[in-house]
There are 2 protein chains.
Amino acid sequence: MIRNLTEQDKEHLQEALIKSGQKVTPQREAVFTVLLAERDHPTVDEVFTRAREVMPGLSLATVYNCLETFVGCGLVRQVNHERESTRYCPNLAPHAHFRDKDTGRVHDIELPPEVLKSLRSILPPGFDSEVIEISFHGRAQAKDTHSN
Amino acid sequence: MIRNLTEQDKEHLQEALIKSGQKVTPQREAVFTVLLAERDHPTVDEVFTRAREVMPGLSLATVYNCLETFVGCGLVRQVNHERESTRYCPNLAPHAHFRDKDTGRVHDIELPPEVLKSLRSILPPGFDSEVIEISFHGRAQAKDTHSN
DNA sequence: TTGCGGATTAGACTCATTCTAACTGATTAG
DNA sequence: CTAATCAGTTAGAATGAGTCTAATCCGCAA
């Protein structure tokens, strides 16, 4: 279910929006709340559906707008796999994505700095990269059984 | 311009197609020729346009079909960046892609085995990945001036 | 109170890709 | 030598994620 934003998350949202000259609106709060409530890399449609439960008048275009704004503010990241619908991820730490072939689910994979560094090192001189996207595609065992 | 396939490339194509139970057709040869002629990661439309110069009756659907077949045979790789049109790449060696922000051009970046290995090592146990996609996004200096 | 500007809305539009149904042409069966 | 078969090809229709547009809304400043 969708809980309200914690004070801390709310401040985070407000700060990021205002810093990039954007306004805090109820729609943006609702969409952000949805993103934080379930960090399962939802598509725009999923965000839309979930947010409507809380704000029935919300339009799809607004969800697109809000998410675009958040990406612009650096509040969330877009995640693309092949040509499937874009998904959104509020995890800002550098990480890779693992796309489960069977479930379609996307998992965050922690990306240690030294691996990131070794990746950057393969770029020939003159190539200056701002963004690196790493995505794995395969099967993941159900991880319910917390390792024993 | 589009040269004919070398004998070697032609055999490569035939072998791969037949091995996966596919037929060698003039359309498939034309599309494959286009892919090998300019290894610049063309989109379907670009392949279509180029192939039409050589085979005017060729239809877009066929280009989609041919490319899909090639991917199935392991003859070429799909390359996706964000949600732009899919591009196709006949380089089968493991490599990453660098997408130039300014020109839109895609460059192959060699991927040394040890980097690949360190990447695989970040997957938690239970995660089994068949495909790893790595794409950089940024700016590349014009590489005309061979380093001095 | 009025006006302004950014945000929101519904719906039209775009465009890459997929689907469909008809056609082609090579190969096999009678 | 036909007919049947079947993968491949074709044109065009359909799909669907995402974008655009024009109208409306709403908070704030004059």
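Here is the naming used below: chain letters follow the sequence lines, and residue numbers restart at 1 for every chain. Just so it is clear, the structure is predicted and the values come from calculations on it, not from any experiment.
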*Asks:* Please determine if A/D128 and A/R120 form a salt bridge, counting it only when a charged side-chain N lies under 4.0 Å from a carboxylate O.
*Replies:*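 Not counted as a salt bridge, because no side-chain N and carboxylate O are separated by less than 4.0 Å.
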*Asks:* So does B/R50 pair up with B/D40, basic N to acidic O under 4.0 Å?
*Replies:*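 Between B/D40 and B/R50 there is a salt bridge, with a charged N closer than 4.0 Å to a carboxylate O.
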*Asks:* Indicate yes or no: does B/R105 engage B/D100 in a salt bridge with an N to O separation below 4.0 Å.
*Replies:*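 Result for this pair is no, no salt bridge flagged.
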*Asks:* Base contacts versus sugar-phosphate-only contacts with protein, heavy atoms under 4.0 Å: please encode nucleotides 8-30 of chain D as B, S and - from 5' to 3'.
*Replies:* SSBB-----SBB-----------
*Asks:* What I want to find out is whether A/E84 reaches B/R83 closely enough, with some N-O distance under 4.0 Å, to be called a salt bridge.
*Replies:*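 Not counted as a salt bridge, because no side-chain N and carboxylate O are separated by less than 4.0 Å.
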*Asks:* Would you say the rings of A/F136 and B/F127 are close, in the sense that their centroids are separated by under 6.0 Å?
*Replies:*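 They do not qualify: ring centres at least 6.0 Å apart.
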*Asks:* Going by an N to O cut-off under 4.0 Å, is there a salt bridge joining A/E130 and B/K101?
*Replies:*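 Salt bridge between A/E130 and B/K101, a charged N being under 4.0 Å from a carboxylate O: yes.
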*Asks:* What is the separation between atom CD on B/E82 and atom C1' on C/dA16, rounded to the nearest whole Å?
*Replies:*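 My rounded result for the distance is 16 Å.
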*Asks:* Output the rounded distance in Å from CD1 (B/I18) to C1' (C/dA26).
*Replies:*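 Distance, rounded to whole Å: 15 Å.
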*Asks:* Whole angstrom is fine here: how far is it from CD in A/E29 over to C1' in C/dA7?
*Replies:*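 So the CD-C1' distance, A/E29 to C/dA7, works out to 14 Å.
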*Asks:* Whole-Å distance between C/dA16 P and B/L67 CG?
*Replies:*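 After rounding, the reported distance stands at 15 Å.
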